[in-house]
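To keep things clear, I will list the structure first and then write my remarks on it.
Residue numbering restarts at 1 for every chain, and letters A, B, ... go by the order of the sequence lines.
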Amino acid sequence: MGFALFSTAHQAIAAKTALQDMVFDAETKVALHTEMAKKNLFVKRCVGIDANAVDQSKRLRTGGDYTHSPYAPPFHPPPPAVSMWGTPGYITAPPPYNPYAAYPVPPVAMTSPAPVTGPTAYAPVQNTKDNPPCNTLFIGNLGDTVVEEELRSLFSVQPGFKQMKVLRQDRNTVCFIEFEDVNAATSVHQTLQGAVIPSSGRGGMRIQFSKNPFGRRKDSAAGLASVLNGAPAN
DNA sequence: AGCACA
C-alpha cells in the first residue's frame, strides 16, 4: 500500500482513474486498486530543523492514536485544500498540464512556519502611567536597534491601522501609531502590550495612549479660540 | 521614562 501526493485534486483524480484496475503483475494477474486517501499526504519539508515537530510526531505515534485516523499523523493541521472536497468548483479550473508540476513537492504551505507578522513572545510590562484613551498609541521601551519594518509588519495588520511614525532619539526609540478610532487603538493597546520585537533588544514593548493624537500637537484649537475670545488660556 | 506630525 502506498500514497501519492499530487499538486491538485484534479490531477489526483486523473491519476486514480488512469491507474485503476491496471494489471501490474502479469503472472498473478493482480490488478491495481486506487482510491482517494482520506487525508492529504503529510510531507515533512526540512528534516532535522524542527526537532519539536519530530518529537511530537513520535510521541503521538507511540501513543497509538491511530485508531480513528490510520492514514496520517493526527496532529497535522487541516490543510486549506480540504475544504475543496465536495465542492463542485474544484474541477472548474484545471491548471495547464505540466509534467513536472508535482516534482518540487508542492507548496506544503500547511507546515510552513508562521509569517513574521506576529510578536515572538510577550514580556511583562510595568505600565505605570497612561494617558486618556485616544486613537493614537505611544510605543516605548524599544531599543535603538529596532527595525522599523518589523514594527510596521506587526502593527499594519492590526484592524483599524492608519499610519505609523518612528521617532529615534539618543538612547531611546519610540513609535506612534494612529488608528481609525479609539476602539481600534484600545484593543491593540491591550492585545500587543508587552509584545517582544526581537530586533529591539529590550524585551517587551510598552504601549500607552499618546499624549497628543495624530494630527494635533497641542490643543491648539482651544488655545487659539481662547486667544481670539480674549478668554484666559486655562 | 522617553510623545512627533501639523
For the side chain of Asn212(A), starting at C-beta, report the closest nucleotide among dA4(B), dG2(B), dA1(B). dA4(B)

Round to a whole Å and report the spacing from CG of Asp130(A) to P of dC3(B). 14 Å

From CD of Gln208(A) over to P of dA1(B), roughly how many Å is that when rounded to an integer? 9 Å

Quick one: Ile177(A) CD1 to dA4(B) C1', roughly how many Å, whole number? 13 Å

Rounded distance in Å - CG (Asn135(A)) to P (dA4(B)): 16 Å

Among the nucleotides dA4(B), dC3(B), dA1(B), which one has an atom lying closest to any side-chain atom of Arg206(A)? dA1(B)

Find the distance Met205(A):CE to dA1(B):C1' and express it as a whole number of Å. 16 Å

Identify, between Thr173(A) and Lys165(A), the residue whose nearest nucleotide on DNA chain B lies closer to the 5' end. Thr173(A)

In this structure, how many angstroms lie between the P atom of dA1(B) and the CG atom of Asp170(A), rounded? 18 Å

Mind checking Asn141(A) for me? I need base, sugar-phosphate or nothing, with any heavy atom below 4.0 Å counting as a touch. base

Please report the interatomic distance CD1(Ile207(A)) to CD1(Ile139(A)), rounded to the nearest 0.5 Å. 4.0 Å

Return the 5'-most residue of the pair Phe214(A), Ile139(A) with respect to DNA chain B, ranking by each residue's nearest nucleotide. Ile139(A)

Under the side chain to side chain contact (heavy atoms under 4.5 Å, CB included) test against Leu137(A), which residue among His189(A), Met164(A), Gln208(A) passes? His189(A)

Strictly by modelled atom types, are Thr136(A) and Glu178(A) linked by a side-chain donor-acceptor pair under 3.5 Å? no

Calculate the interatomic distance between Arg216(A) atom CZ and dA4(B) atom P; express it in whole Å. 15 Å

Expressed as a whole number of angstroms, how long is the span from Arg168(A):CZ to dC5(B):P? 15 Å

Picking from Leu142(A), Thr145(A), Asn172(A), what satisfies side chain to side chain contact (heavy atoms under 4.5 Å, CB included) with Arg202(A)? Asn172(A)

Quick one: does Arg171(A) reach the base of dG2(B) with a side-chain donor-acceptor pair under 3.5 Å? no

Ring centroids only, cut at 6.0 angstrom: are Phe176(A) and Phe138(A) within range, meaning strictly under it? yes

